[in-house]
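Following: one structure in structure tokens, then a few remarks.
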Amino acid sequence: QKEVEQDPGPLSVPEGAIVSLNCTYSNSAFQYFMWYRQYSRKGPELLMYTYSSGNKEDGRFTAQVDKSSKYISLFIRDSQPSDSATYLCAMSGGTGGFKTIFGAGTRLFVKA
Amino acid sequence: NAGVTQTPKFRILKIGQSMTLQCTQDMNHNYMYWYRQDPGMGLKLIYYSVGAGITDKGEVPNGYNVSRSTTEDFPLRLELAAPSQTSVYFCASSIATLGTEAFFGQGTRLTVV
């Protein structure tokens, strides 16, 4: 079993839709949860960061962490064509040490 | 502020050749990393460094070597290139480790034929 599972997509939605991106993980000791956005032929950039459980909101983006289910989500409201990218979940901490484990990434297409 | 700069952006190597991927950062970060990204596989850590003169292996170090003589530079050396090393390579740096943002370079697309 992979430490982090992420549906690679692709996920195609119309402009204005609410997008839900998800990851599951197996290491219950993870404490730091991140979402990176990667545009085509670019390096990943940090989008959202959450420590432990709970929600965090930043504009149109909301990150949720459910440690009891080992499940994290990223919601994008009012999606825009400029949101078309690959979204990678990442996590670190606990018995995994300081190393960050990345999901495979979900490709998102937002159609105008 | 340039951030993390990688060169070259693209390279084609023949089997058995060697090359060095360059990485430099201007943020005075102690921590630097090399990842490879294969389709559908996410980012795999090759090597990392916690400061000048200190390096250690990540998940997939075989076939690679690194050095860290300065805070700014963290080159990745490929010896005896193999088709399995065809990938996109990303260098990254961070100010600390747990839960801190990693800043990535633009990547090097390497094809071994």
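Letters A, B, ... mirror the listed sequences (proteins, then strands); counts begin at 1.
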Contact class of [X] relative to chain B, heavy atoms under 4.5 angstrom:
X        : value
A/Arg107 : neither
A/Pro44  : both
A/Glu45  : neither
A/Phe33  : neither

Q. Would A/Leu21 end up clustered with A/Ile101 when hydrophobic side chains under 4.5 Å apart are linked, directly or stepwise?
A.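 Per the 4.5 Å side-chain linkage, A/Leu21 and A/Ile101 are co-clustered.
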
Q) Does a side-chain N-to-carboxylate-O contact under 4.0 Å join A/Lys56 and A/Asp58? A)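 Salt bridge flag = no for A/Asp58 with A/Lys56.
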
Q.
Check B/Arg36 with B/Glu59, please: is the shortest side-chain N to carboxylate O separation under 4.0 Å?
A.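 No, no charged N to carboxylate O under 4.0 Å.
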
Select one option (side chain, backbone, both, neither) describing which atoms of [X] are under 4.5 Å from chain A's heavy atoms.
X        : answer
B/Gln6   : neither
B/Ala102 : both
B/Tyr89  : neither

Q) Does one side chain, of B/Tyr35 or B/Tyr47, offer a donor that lies under 3.5 Å from an acceptor on the other? A)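 Side-chain D/A pair, B/Tyr35 to B/Tyr47: absent.
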
Q) When you check the side-chain N and O atoms of A/Tyr39 and A/Thr86, is any donor under 3.5 Å from an acceptor? A)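 The criterion, which ignores hydrogens and geometry beyond distance, is not satisfied for A/Thr86 and A/Tyr39.
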
Q. Please walk me through it: do B/Phe90 and B/Tyr33 pass ring pair (Phe, Tyr, Trp, His ring centres under 6.0 Å)?
A. CA-CA 8 Å; B/Phe90 287 101; B/Tyr33 316 85; over 10 Å; no

